[in-house]
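One structure is given here, and the rest of the page talks about it.
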Amino acid sequence: MELETVEQRHAFIKKLVSEAFSFEDSLVHDSEHQDDWFSALNTAEDLVVIEEFIRTEEILLDAFAEMEDVPFADEPGRKFFMSIVDANLVTFVDEILWDRIGYAFDNVHDRYFATAEGIAFKKNMRDKLATLMETYENIYDL
Amino acid sequence: MELSTADRRHEFVGKMIEAAFKFMDSMDTEDSDEDMDWGGAEVVTDDLLAVEKMIEAEQIFLDTLAKMESVPDRCESAKCALIFKDGLDEFVQNILLGRLNHAAKILDEWGFRSERGIKFKDDFYDKIDSLIEIYQQYYDEDD
C-alpha cells in the first residue's frame with residue numbers, strides 16, 4: 001500500500017484499527033485467550049490515538065493548502081511566513097505523531113501474546129507500525 | 001488551579017495521571033469491586049495519557065500561532081493566521097474534546113462500586129468536566 005499522501009496513511013491506520021478490533025472480537029473469552037485478548041485490546045486503543053493524530057496532520061495540511069492560495073505581495077514575505085508553518089508541521093510530526101507511533105510499537109513489542117494467532121497478530125502490527133514510522137521519517141526528513 | 005494557559009492544562013493533566021496511577025496502586029485487585037474499579041481507572045488513564053499528548057500538540061500550535069501573529073501586520077499574514085486558527089479550533093473541537101468526552105463517558109458508564117472507586121470517579125469527573133468547559137469556551141470565543 002502506498003503511503004505518500006496523508007489520505008493513504010489515514011486509510012492505512014484505519015485498516016489497522018479495524019484489524020485489531022476484529023482480532024480482539026474473534027477471541028473466545030476463556031483463560032487460554034485472555035492474555036491475547038487484553039494485549040489486542042490495548043494495541044487497538046494505541047492505534048486509535050495514532051488515527052486521531054493523523055487526522056490532526058490532515059487538518060494541518062488542509063490549512064496549509066489554503067494558505068498557499070493567499071496571494072502575498074512579495075515572494076520573500078510568503079517564504080518567511082511559510083517557513084513558520086513548515087516548522088510547525090515538522091515539530092508536530094516529530095514530537096507528537098512519530099513519537100506516539102513509536103510508543104505503540106514499543107508497547108506491542110513488549111506485550112505478551114500466548115497463542116499462535118496472537119503471535120502472528122503481534123508480528124503483523126509491529127511490521128506495519130515500523131513501516132509507518134519509516135514513512136514519516138522519510139517524508140518529513142526526521 | 002487556573003487552567004487558562006496550555007502549560008497549566010498540561011500540568012493539570014499530568015497531575016491527574018499521577019493521581020490515577022497512585023489510585024490504581026492502592027486498589028486491592030483480590031477484592032472484586034476494587035478490581036473492577038481498577039479496570040475503569042486504567043481505561044480513563046489511557047485517555048488522559050492521550051490527552052496529555054494532545055495538549056503538547058496544542059502547545060506547539062499555539063507557539064506557531066504566536067509567531068504568525070508577530071509577523072509585522074500585513075493583511076496576508078493576518079489572513080494566514082486566521083486560517084491556521086481555524087485549523088487549531090477544528091483540532092480542539094474534534095480531536096481533543098473528543099478524547100476528553102470519551103474519558104467522561106467511561107467514568108459515567110463504568111459503574112464504580114467501591115467507596116474509593118466512587119470517590120475517584122467523582123473527583124476525576126469534576127476535573128475532566130472543568131477541562132471540557134475551558135476548551136468549549138476557548139472554541140466559542142473564536143467563533
Side-chain angles (χ1 to χ4, degrees), chain A residues 6 10 34 37-38 41-104 107, chain B residues 6 10 29 35 38-39 42-103 106 139:
Chain A
V6 70
H10 196 178
Q34 202 181 358
W37 175 79
F38 190 69
L41 183 63
N42 280 310
T43 304
E45 278 160 3
D46 280 347
L47 296 174
V48 170
V49 178
I50 296 173
E51 200 252 336
E52 285 168 355
F53 282 129
I54 294 183
R55 267 166 62 202
T56 306
E57 186 196 4
E58 256 180 328
I59 293 172
L60 292 176
L61 289 171
D62 282 350
F64 300 163
E66 224 180 294
M67 286 180 207
E68 296 273 359
D69 291 339
V70 175
F72 270 78
D74 58 307
E75 187 55 21
R78 197 188 70 84
K79 271 200 171 149
F80 174 72
F81 205 84
M82 291 321 265
S83 72
I84 300 175
V85 166
D86 279 346
N88 171 79
L89 183 60
V90 174
T91 309
F92 164 75
V93 171
D94 188 14
E95 291 178 15
I96 310 290
L97 178 54
W98 185 83
D99 181 88
R100 198 66 207 204
I101 303 169
Y103 173 85
N107 281 345
Chain B
H10 189 250
T29 47
D35 187 48
W38 179 90
E42 220 233 343
V43 178
V44 171
T45 306
D46 279 343
D47 278 341
L48 290 175
L49 286 166
V51 167
E52 187 182 42
K53 208 73 196 156
M54 286 171 185
I55 298 180
E56 283 168 34
E58 187 198 2
Q59 286 172 317
I60 294 171
F61 302 156
L62 287 171
D63 283 350
T64 300
L65 191 62
K67 265 186 218 153
M68 283 182 171
E69 284 169 344
S70 71
V71 172
D73 196 24
R74 300 192 326 197
C75 81
E76 55 261 54
S77 57
K79 206 169 174 185
C80 283
L82 268 182
I83 294 170
F84 188 80
K85 207 153 191 273
D86 280 348
L88 177 58
D89 288 346
E90 198 182 332
F91 163 74
V92 169
Q93 207 210 11
N94 294 341
I95 314 282
L96 215 166
L97 271 171
R99 265 286 143 181
L100 284 168
N101 282 318
H102 183 261
I106 295 285
Y139 183 75

Heavy-atom neighbours of Q34(A) CD exceed 12 at 6.0 Å: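 No, the 6.0 Å shell around CD holds no more than 12 heavy atoms from other groups.
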Approximate separation, where rounding is to 0.5 Å, of [X] [atom1] and [Y] [atom2]:
X	Y	atom1	atom2	answer
D94(A)	I60(B)	CG	CD1	8.5 Å
L62(B)	E69(B)	CG	CD	9.5 Å
E45(A)	I50(A)	CD	CD1	12.5 Å

Tell me, for [X] versus chain A, whether the close heavy atoms (under 4.5 Å) come from the side chain, the backbone, both or neither.
X	answer
N94(B)	both
K67(B)	both
L49(B)	both

Heavy-atom pair count under 4.5 Å with chain A, highest-scoring of K79(B), E76(B), E42(B), R99(B):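 Max contact count across the listed options: E76(B).
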Can you say whether [X] sits under 4.5 Å from chain B via the side chain, the backbone, both, or neither, judging by heavy atoms?
X	result
D46(A)	neither
I84(A)	both
F81(A)	side chain
D99(A)	side chain
A87(A)	neither

Parallel, tilted or perpendicular, as decided by the 30° and 60° cut-offs, for the rings of F61(B) and F91(B): perpendicular
Charged N-O contact under 4.0 Å between K53(B) and E56(B): yes
Salt bridge present between E75(A) and R78(A) (N-O < 4.0 angstrom): yes
